[in-house]
Amino acid sequence: MAVNKKKPEELRSHRWYGAQDMRSFGHRSRTKQMGFAAEDYAGKPVIAILNTFSDANPCHHHFKSRVDDVKRGIFQAGGFPLEMPAMSLGEPFMKPTTMLYRNLLSMDVEELLRANPVDGVVLMGGCDKTVPAMLMGAASMNLPAIFLPAGPMLRGNWHGKTLGSGSDVWKYWAEKRAGNIDDKAWVEIEDGIARSFGTCMTMGTASTMASAAEALGMTLPGAGSIPAADSNHPRMSAACGRRIVEMVWEDLKPSDIMTTAAFENAVMTVTALAGSTNSIIHLIAMAGRIGAALDLDKFDALAKRVPVLSNLRPSGKYLMEDFYYAGGLPALLAQLEKFLHKDCITANGKTLGENIAGAQIYNDDVIRTLANPAAPEGGIAVLRGSLAPSGAVIKPPAAEPHLLKHRGPAIVFKDYNDMAARIDDPNLGATKDSVLILQSAGPLGAPGMPEWGQLPIPKRLLEAGVRDMVRISDARMSGTSYGACVLHVAPESALGGPLALVKDGDIVSLDVPARKLDLEISAAEMAARKAAWKAPAEHYPRGYGWMHHRHVTQANEGCDFDFLRGTAPIPDPEIH
């Protein structure tokens, strides 16, 4: 049985509601203005529900009703819920990229919690950047917090074929460009690929980060893989509401859960899932907020230890519905037991080892055993060399194996518009051995580091049957994407990193087993090109974009704002 560490008069919200003065009179009377009585809130934990619902975020379209399930659970446990809308980062619609606004949502979360009479929080997110953003903000505020993932959508369907969001968009768009499917089929795919609310049902960034949050201990067990449309999802929502009230009384905070060991568990989970490369940036940023030790080198070292056990698109065959029915993340974590720090405490008050004890696999083609992994190691690999002194990343299982060791001449695009204008030009001169280079796509250059890293294959090569090439950029790529795409090259080209200095015809060598990425020019030539390089103009003369330009860190440091990292305490507001 949980031991309460707090008394009602020690609740943070007591400072708003409990005093007998004019200010508290105002707080109580305005609460009653909404139809609540003293019995609803007096002496009870006040629980914020940060809801990222938006009509511009289809992944969260069910949150309008799920918030009522969360409230039900909070009331059941003797808490008082306050729903607060938080900025919603709708991946399909926001331009140039939701990544530009991840840190803004994290600030929104932190300041909403700091400014209001809140004792604990349920974080409702799921669409890609909402997961790290909300956990970053909650970590910085360090009040009891639990994360409720949106859950993946149902699997898609077209002519009896199972469709996976994102992954099959890229696949069939390539086939359309190659002339293998017509406009009618393309519209039918559009109608069948997204059949319900929820996040992408491939192992994209949303499901990768939901799984990482569960392995980290910030969700209830099993929450990371429940389909959004499944009746278990509203039940999980209510359970989160009940549990957060207990967490407040127990004073169980993110700093108790999000330890260095817990982050190592999350990293090993990501690599076992062959998860999204975006998780590297997000987990490093999250660790930086809470004071945990995590960098690119640790990511790569852990990835080398752990086999890939999920057979999920884009690297494998199945989708998140299949993963859930096969036992979900607890079943996969049970297979990883010997690698994990099982004594890490989690949001339900139990250790990770206790949560996964006895979890079973119900389909061992979807979730593999250690005796039959999908790949022996390497869900994610970190590369370094003369082209990426501060690091770059690749997802080896998503690439054609023959390209993991490759040497070829560069074709350079100075930015996305240049690439879009020339990629299908018959005079481009690309062959299957060419290395496509995209510049000006990083945190500063794009701006915001959009998911441009899966550069399209030139149409002439598609028509000849080519479906993968080595592609290198300082961009990210969608977790639903695939291919021999080298991403997150740091320092980025907009800072004058080596990527900015590549010219057409330069030989670029990639050696994933050796973790190398090199530009084969002399040091003298590199220095001469660097001396002639000129910094590009800034994108924003004012506002949030201006602040982003001055304070965002590079990909290898998590792209957080330099002034948001660390654990220095900020005092609560005075109640005047």
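Only heavy atoms go into these numbers, but all of them, side chains included; no hydrogens, no water, no symmetry mates. The structure displayed is predicted, hence computed values, not measured ones.
- Annotation for Gly151 and His233: closest pair N-NE2, 4.0 Å, computed over non-hydrogen atoms.
- When side chains are defined from C-beta on, Met209 counts as touching Met286, because their heavy atoms get closer than 4.5 Å.
- Contact of the Tyr324 side chain with the Met201 side chain is not registered, since no non-hydrogen atoms from C-beta on lie closer than 4.5 Å.
- The two residues Leu296 and Ile284 make their nearest non-hydrogen contact at N-CD1, 4.0 Å.
- For the atom pair CG (Asn116) and CH2 (Trp16), the distance works out to 7.0 Å, reported to the nearest 0.5 Å.
- Listed for the His60 side chain is a donor-acceptor partner under 3.5 Å among the backbone atoms of Cys127.
- Closest heavy-atom contact between Leu220 and Cys240: CD1-N, 3.8 Å.
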Inset, instruction - Go through the steps to decide whether Leu216 and Phe147 satisfy the test side chain to side chain contact (heavy atoms under 4.5 Å, CB included), and finish with yes or no. - result: CA-CA 11 Å; Leu216 193 59; Phe147 186 75; over 6 Å; no
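- Annotation: side chain of Met107 is in contact with side chain of Phe561 (closest heavy-atom distance under 4.5 Å).
- Residues Asp68 and Ser65 bring no donor and acceptor atom of their side chains to less than 3.5 Å of each other.
- Distance check: Met87 CE to Leu89 CG gives 5.5 Å after rounding to the nearest 0.5 Å.
- Judged by distance alone, with hydrogens and angles left aside, the side-chain atoms of Arg12 form no donor-acceptor pair with the main-chain N or O of Asp119 at under 3.5 Å.
- A donor-acceptor pair under 3.5 Å links the side-chain atoms of Glu214 to the main chain of Gly224, judged by distance alone.
- How far NE2 of His551 is from CG of Asn103: 11.5 Å, rounded to the nearest 0.5 Å.
- Between the side chain of Thr351 and the main chain of Asp343, no donor-acceptor pair closer than 3.5 Å is present.
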Inset, instruction - Please step through side chain to side chain contact (heavy atoms under 4.5 Å, CB included) for the pair Thr202 and Ser207, ending with a clear verdict. - result: CA-CA 7 Å; Thr202 50; Ser207 286; over 6 Å; no
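- Side-chain contact between His282 and Thr208: absent, with no pair of heavy atoms (C-beta onward) separated by less than 4.5 Å.
- Checked by atom type and distance alone, the side chain of Ser196 pairs as donor or acceptor with a backbone atom of Leu154 at under 3.5 Å.
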Inset, instruction - Take Leu329 and Leu273, measure what side chain to side chain contact (heavy atoms under 4.5 Å, CB included) needs, and give me the verdict at the end. - result: CA-CA 9 Å; Leu329 193 67; Leu273 292 167; 4.2 Å; yes
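- Looking only at distances, a side-chain donor or acceptor of Lys44 sits under 3.5 Å from a matching main-chain atom of Glu39.
- Of the residues listed (Val393, Asp295, Asn556), the one engaging Ile280 in a side chain to side chain contact (heavy atoms under 4.5 Å, CB included) is Val393, and it is the only one.
- Side-chain contact of Tyr318 with Asn363: a donor-acceptor pair under 3.5 Å is absent, judged by distance alone.
- In this structure, Phe80 and Tyr41 have tilted ring planes: the angle between them lies in the 30° to 60° band.
- Atom NZ of residue Lys253 and atom CG of residue Asn142 lie 6.0 Å apart, to the nearest 0.5 angstrom.
- One side chain, Asn278 or Thr205, offers a donor N or O that lies under 3.5 Å from an acceptor on the other.
- Counting heavy-atom neighbours within 6.0 Å of Lys342 NZ, excluding the residue itself, gives a total of 12 or less.
- Proximity of Lys395 to Leu487: side-chain heavy atoms (C-beta onward) are nowhere separated by under 4.5 Å.
- In terms of modelled atom types and a separation under 3.5 Å, the side chain of Glu264 and the main chain of Leu340 share no donor-acceptor contact.
- Without hydrogens or angle criteria, Thr271 side chain to Gly379 main chain gives a donor-acceptor distance under 3.5 Å.
- Judged by distance alone, the side chain of Arg476 and the main-chain N or O of Met449 form a donor-acceptor pair under 3.5 Å.
- Between Phe75 and Phe36, the two ring planes are tilted [angle within 30° to 60°].
- Residues Met236 and Gly222 come closest through the heavy atom pair CE-C, 4.3 Å.
- Just one of Asn57, Asp55, Thr52 meets the side chain to side chain donor-acceptor pair (under 3.5 Å) condition when paired with Ser88; it is Asn57.
- A heavy-atom distance below 4.5 Å is not found between the side chains of Val46 and Leu11.
- Here CE of Met203 is found 11.0 Å from OG of Ser167. Values are rounded to the nearest 0.5 Å.
- With a 4.5 Å cut-off on side-chain heavy atoms, Met124 and Phe53 do not count as touching.
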Inset, instruction - Apply side chain to side chain contact (heavy atoms under 4.5 Å, CB included) to Val109 and Met141, showing your working. - result: CA-CA 8 Å; Val109 168; Met141 186 58 196; over 6 Å; no
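- For an aromatic pair to be called close, the ring centres must be under 6.0 Å apart, and Tyr544 with Tyr101 satisfies this.
- Considering all non-hydrogen atoms of both residues, Asn311 and Gly316 come closest at OD1-CA, 3.3 Å.
- The side-chain hydrogen bond (donor to acceptor under 3.5 Å, both in side chains) contacts involving residues 127-136 comprise Glu91-Lys129, Thr98-Lys129, where partners must be two or more places apart or lie in separate chains.
- In this structure, the side chains of Ile49 and Ile74 come closer than 4.5 Å at one or more pairs of heavy atoms.
- Ion pairing between a basic and an acidic side chain is recognised when a charged N comes within 4.0 Å of a carboxylate O; Glu538 and Arg550 show such pairing.
- At most 12 non-hydrogen atoms from other residues, nucleotides or ligands lie less than 6.0 angstrom from NE2 of His61.
- Atom CZ of Phe25 has 12 or fewer heavy atoms from other residues, nucleotides or ligands within 6.0 Å.
- Nearest heavy-atom pair, Ile380 versus Ala303, reported as atom, atom and distance to 0.1 Å: O-CB, 3.3 Å.
- With no hydrogens or angles considered, a side-chain donor-acceptor pair links Ser106 and Arg289 at under 3.5 Å.
- Side-chain N or O atoms of Ser24 include none that pairs as donor or acceptor with a backbone N or O of Gln20 at under 3.5 Å.
- Rounding to the nearest 0.5 Å gives a distance of 11.5 Å between CD1 of Ile575 and NE2 of His14.
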